[in-house]
Amino acid sequence: MTRADVMVRNSFLFDLDGTLVDSVYQHVLAWHEALRSEDIALSIWRIHRKIGMSGGLFADQLLREIDRPIDATMIQRLRARHAEAYHRLADDVVPLPGARELLETLTTMGVPWAIATSGRIETAGVNLRALGVDPDQNVVVTRDQVRFAKPDPDLFVEAARRLGVPIDHAIVVGDSVWDMLAAARCRALGVGLLSGGYGREELERSWALRVYDDPADLLHHLDEVSSRAYAADHPLG
């Protein structure tokens, strides 16, 4: 038995919006429309900064920036209107460069991977179809299935549990500081992508081990973050 045979190999846990599919700005515009329907004026750039966090934290952030109460009933209305608006924009949602190829490469290499998204299935389903991922065939964890969303680590912990892999050997790939904070809280390695609009320094300050442009760039540098055993068994060129 070689050292590679007994090595605990890495797995990959992916965020979805801004990480595998180009959908962040559709979410921003959908939230902007939903907020305006409740006469809440919030600049688009401020909404972008909150994409990827849990609905409860999103509400807390709103309370800090507007001078009016937000109750659970309003949150439900906002969520429903966001989903409705997002579906109208869904035709423009496409996989990010290299996303499909990255997942296909990991599958070929025998590397376990899963998707863990703060989106609920009502919007995540659109993105999964665009990506060509079947949640009945692959491990996908959505906001509906855990108690807390990012920056809490529940989504990634549950994804690792379903894969049957140790979370502290997982690599979390995401585009936001919320992904990186969640990764740090469950002792996974965080890898940031710039494809969701956050800057390199922001991701690195949130404990991203490496930062790449998009899935294609990560695929090109996969040997920098994956287990040496994988790199030895499956040379990337």
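In what follows, residues are counted from 1 in the order of the sequence shown.
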Item to complete: Could you pull out the closest heavy-atom pair between Val172 and Ala183, with the gap in Å?
Response: CB-CB, 3.7 Å
Worksheet entry | Heavy-atom check, side chain of Val141 versus side chain of Val146, under 4.5 Å | yes
Practice prompt. Identify, with sequence neighbours excluded, every residue that meets salt bridge (Lys or Arg N to Asp or Glu O under 4.0 Å) alongside Arg200.
Written response: none
Fill in: Exam field: side chain Arg143 to backbone Arg147, donor-acceptor pair closer than 3.5 Å
yes
Practice prompt. Report yes if some heavy atom in the side chain of Glu33 is under 4.5 Å from a heavy atom in the side chain of Val28; otherwise report no.
Written response: no
Practice prompt. Could I get the full list of salt bridge (Lys or Arg N to Asp or Glu O under 4.0 Å) partners for Arg129, not counting sequence neighbours?
Written response: none
Item to complete: Determine the minimum heavy-atom distance between Pro95 and Ala99, stating which atoms define it.
Response: CB-CB, 4.4 Å
Discussion item. Membership question, hydrophobic clusters at under 4.5 Å side-chain separation (ILVMFWY): are Val139 and Phe12 in the same one?
Written reply: no
Discussion item. For the OG1 atom of Thr73 and the CG atom of Asp71, what is their distance to the nearest 0.5 Å?
Written reply: 4.5 Å
Discussion item. Would the distance check show the side chain of Asn138 and the main-chain N or O of Pro135 forming a donor-acceptor pair, the cut-off being under 3.5 Å?
Written reply: no
Worksheet item: Between Ile40 and Met74, which heavy-atom pair has the shortest distance, and what is it?
Response: CD1-SD, 4.0 Å
Fill in: Spatial distance of atom CG (Leu35) from atom CG (Leu42) [nearest 0.5 Å]
6.0 Å
Worksheet item: Taking the side chain as C-beta and beyond, is there a heavy-atom pair between Val140 and Val133 under 4.5 Å?
Response: yes
Worksheet item: Applying the side chain to side chain contact (heavy atoms under 4.5 Å, CB included) test to Leu13, which of Ile167, Leu189, Ile171 qualifies?
Response: Ile167
Item to complete: Enter the distance from Ser195:OG to Asp213:CG here, rounded to the nearest 0.5 Å.
Response: 8.5 Å
Item to complete: State plainly whether one hydrophobic cluster holds both Leu203 and Trp178, where clusters connect Ile, Leu, Val, Met, Phe, Trp and Tyr through side-chain heavy atoms under 4.5 angstrom apart.
Response: yes
Fill in: Any Ile115 side-chain heavy atom under 4.5 Å of Leu131 side chain
yes
Item to complete: Output, in order, the C-alpha distance, side-chain angles, deciding distance and verdict of side chain to side chain contact (heavy atoms under 4.5 Å, CB included) for Leu193 and Leu218.
Response: CA-CA 8 Å; Leu193 300 183; Leu218 171 57; 4.3 Å; yes
Worksheet item: Would Val24 and Leu194 show up in the same hydrophobic cluster when neighbours are defined by side-chain heavy atoms closer than 4.5 Å?
Response: yes
Worksheet item: Roughly how far, to the nearest 0.5 Å, is CZ of Arg161 from CG of Asp154?
Response: 12.0 Å
Worksheet item: Going through the distances and angles, do Asp17 and Ser23 end up as a side-chain hydrogen bond (donor to acceptor under 3.5 Å, both in side chains)?
Response: CA-CA 5 Å; Asp17 294 291; Ser23 57; 2.4 Å; yes
Discussion item. For the residue pair Asp175 / Thr19, report whether a side-chain donor-acceptor contact shorter than 3.5 Å exists.
Written reply: yes
Discussion item. Looking at Glu38 and Arg77, is there a salt bridge between them, counting it only when a charged N and a carboxylate O are closer than 4.0 Å?
Written reply: yes
Discussion item. Please find the pair of heavy atoms, one from Ala208 and one from Gly192, that lie closest to each other, and give the distance.
Written reply: CB-N, 4.1 Å
Worksheet item: Does anything in residues 81-103 pair up under ring pair (Phe, Tyr, Trp, His ring centres under 6.0 Å), and if so which pairs, sequence neighbours excluded?
Response: His27-His82, His27-Tyr86, Trp31-His82
Worksheet item: Judged by atom type as modelled, is there a donor-acceptor pair below 3.5 Å linking the side chain of Thr142 to the main-chain atoms of Thr117?
Response: no
Practice prompt. Please examine the side chains of Ser176 and Ile51, heavy atoms only from C-beta on, and report whether any two atoms are closer than 4.5 Å.
Written response: no
Worksheet entry | Side chain Asn10, main chain His169, donor-acceptor under 3.5 Å | yes
Item to complete: Check the hydrophobic clustering (I, L, V, M, F, W, Y; side-chain heavy atoms under 4.5 Å; chains of links allowed) and say if Val111 and Val165 are grouped together.
Response: no
Discussion item. Once salt bridge (Lys or Arg N to Asp or Glu O under 4.0 Å) is applied, what residue pairs with a partner in residues 94-114 remain, sequence neighbours excluded?
Written reply: none
Practice prompt. Indicate the atoms forming the closest heavy-atom contact of Met180 with Gly174, along with that distance.
Written response: CE-N, 3.7 Å
Worksheet item: Is there a side chain to side chain contact (heavy atoms under 4.5 Å, CB included) between Gln145 and Glu158 once you walk through the steps?
Response: CA-CA 9 Å; Gln145 299 167 340; Glu158 176 62 13; 5.8 Å; no
Discussion item. So, taking the atom named CG in Leu181 and the one named SG in Cys186, what distance separates them when rounded to the nearest 0.5 Å?
Written reply: 11.0 Å
Fill in: Between Trp113 and Thr107: side-chain donor-acceptor atoms closer than 3.5 Å
yes
Item to complete: Quick one: pull up CG in Leu20 and CG in Leu102 and give me the separation to the nearest 0.5 Å.
Response: 7.0 Å
Worksheet item: So, do Val173 and Asp15 sit near enough that their side-chain heavy atoms are less than 4.5 Å apart?
Response: no
Fill in: Partner residues of Arg46 under the salt bridge (Lys or Arg N to Asp or Glu O under 4.0 Å) criterion, sequence neighbours left out
Glu65
Worksheet item: Does Asp136 offer a backbone N or O that forms a donor-acceptor pair with the side chain of Asp134 under 3.5 Å?
Response: yes
Worksheet item: Any idea which heavy atoms bring Tyr25 and Gly196 closest together, and the distance?
Response: OH-O, 4.1 Å
Response to the item:
Contacts satisfying ring pair (Phe, Tyr, Trp, His ring centres under 6.0 Å) that involve residues 180-209 (not counting sequence neighbours) are His48-Tyr198
Worksheet entry | Same apolar cluster (I L V M F W Y, side chains within < 4.5 Å links), Met109/Val225 | yes
Worksheet item: Taking NZ, NE, NH1 and NH2 as the nitrogens, is one of them in Arg79 or Glu84 under 4.0 Å from a carboxylate oxygen of the other?
Response: no
Practice prompt. Mark yes when over 12 heavy atoms from residues, nucleotides or ligands other than Arg187 sit less than 6.0 Å from its CZ; otherwise mark no.
Written response: no
Discussion item. Side chain to side chain contact (heavy atoms under 4.5 Å, CB included), that's the test. Do Val21 and Val94 meet it? Break it down for me.
Written reply: CA-CA 6 Å; Val21 293; Val94 296; over 6 Å; no
Item to complete: Kindly determine whether Tyr212 and Val191 satisfy side chain to side chain contact (heavy atoms under 4.5 Å, CB included), including the steps that lead there.
Response: CA-CA 8 Å; Tyr212 301 101; Val191 170; 3.8 Å; yes
